[in-house]
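These notes are about the structure you will find just below.
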Amino acid sequence: MVILKSVLDQSFYDREVTDVARYLIGRRLVRKSNGTTLAGIILEAEAYRGEEDLACHAHVGKTKRNAVMYGPSGYAYIYFTYGMHWMLNCVTGPEGFPAAVLLRSILPTDGLQIIASRRHQRSPKEWCNGPAKITQALDLDSRLNNTPLFHQNGALRIEEGIRIPEGMLQTSPRIGLGDTPEPWLSKPWRYFVTTEQIESMN
DNA sequence: CGCCCGATGTGCT
DNA sequence: GCACATCGGGCGT
């Protein structure tokens, strides 16, 4: 399986958030930190779209916390929640319209020893199969909020990765929305492939 | 493996 | 004061 390492440029993010979420599946998320490379293939992502989407942080309007989502596309929006967890998102276009893609799962490919230690030696399947698990494994927090994802040697960036075959991509409603009203609760804005699907590609 | 629930603290009403 | 785009331990199956 060929994993391409050219960095996606800013224009990749400057379109409909649902399209960005779809096309992020199979890409390579890279974290460079004091000389080491941690990376994985993106398996799962969700779109959050504008102030009218009642599941999106921007539904309360622009605040200090969610301001990054209103900025230009291609930057990381990293926020803190549940008193202990960080979440990694990719801001999408157009500028001024608040939208972002939450990364929910990756398949680790680089830096497995370090990821294992950060994840407290848990089983490999549990390393990065959740949004806060990704940020734990890759050491992401507020320091990297508003970081560009499209810089060639950026500390956090997304590369071309692998091609997901037509028909492999699955969708579902978004996870963890609680009492969010319809139609937002059921919007099929979660895009994903399984670890097994990727491993079967060889 | 699945369900349940407590942890933990910040932003926003 | 409360909700929160979650996680992991404990216990039952």
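A, B, ... follow the sequence lines: proteins, then strands. Residue 1 opens every chain. Side-chain atoms are counted along with the backbone in the values below, which use heavy atoms only and exclude waters and symmetry mates. Since this is a predicted model, take the numbers as computed values, not measurements.
- Here the CD1 atom belonging to A:I175 is positioned 11.5 Å from the OG atom belonging to A:S105, to the nearest 0.5 angstrom.
- The CG-C1' distance, from A:L54 to C:dC4, rounds to 15 Å in whole Å.
- Remark: A:R49 CZ to A:E16 CD distance equals 4.0 Å, nearest 0.5 Å.
- Each of A:R65 and A:K133 lies near DNA chain C, and the nucleotide nearest A:R65 is the one positioned closer to the 5' end.
- Atom CH2 in A:W86 sits about 15 Å away from atom C1' in C:dA5, given to the nearest Å.
- Taking side-chain N and O atoms only, A:K64 has no distance below 4.0 Å to OP1 or OP2 of B:dT10.
- At least one side-chain nitrogen or oxygen of A:R122 sits closer than 4.0 Å to the OP1 or OP2 atom of C:dG9.
- When heavy atoms are screened at a 4.0 angstrom cut-off, A:M84 is found touching base atoms of the nucleic acid.
- If you take CG on A:L38 and CD1 on A:I134, they are separated by 12.5 Å, rounding to the nearest 0.5 Å.
- Here C:dC4 presents its P atom at 16 Å from CD1 of A:I175, a figure rounded to the nearest Å.
- Listed nucleotides: C:dC7, B:dT10, B:dC12. Nearest to the side chain of A:H85: C:dC7.
- Proximity of A:H57 to the phosphate of C:dA5: a side-chain N or O atom is located under 4.0 Å from OP1 or OP2.
- Taking atom CH2 of residue A:W127 and atom P of nucleotide C:dC7, one finds them 17 Å apart after rounding to whole Å.
- The base of B:dA7 is not paired with the side chain of A:Y82 by any donor and acceptor separated by under 3.5 Å.
- Put simply, the residue from A:E159, A:E160, A:R28 that forms a side-chain hydrogen bond (donor to acceptor under 3.5 Å, both in side chains) with A:S6 is A:E160.
- Within 4.0 Å (heavy atoms only), A:A55 reaches at least one base atom of the nucleic acid.
- Here the straight-line distance linking atom CZ of A:R27 with atom CZ of A:R163 works out to 8.0 Å at 0.5 Å rounding.
- The side chain of A:R119 contributes an N or O atom lying less than 4.0 Å from OP1 or OP2 of C:dG8.
- In this structure, CZ of A:R104 is placed 12 Å from C1' of C:dC7, rounded to the nearest angstrom.
- Residue A:E46 contributes atom CD, which lies 15 Å from atom C1' of C:dC4 at whole-angstrom precision.
- Rounded to whole angstrom, the span from the CG atom of A:L185 across to the P atom of C:dA5 amounts to 13 Å.
- Backbone-only contact: A:K125 has heavy atoms under 4.0 Å from sugar-phosphate atoms and none from a base.
- Under the Watson-Crick and G-U wobble criteria, each requiring two contacts below 3.5 Å, nucleotide C:dA5 is left unpaired.
- Taking atom CG of residue A:N89 and atom C1' of nucleotide C:dA5, one finds them 8 Å apart after rounding to whole Å.
- In this structure, B:dT8 forms no base pair with any nucleotide, since neither Watson-Crick nor G-U wobble geometry is met with both distances under 3.5 Å.
- Within 4.0 Å of A:Q136, counting heavy atoms only, lie sugar-phosphate atoms of the nucleic acid but no base atom.
- Among the atoms of the strands shown, none is found under 4.0 Å from any heavy atom of A:R174.
- Between A:Y70 and A:F97, the distance from one ring center to the other does not fall under 6.0 angstrom.
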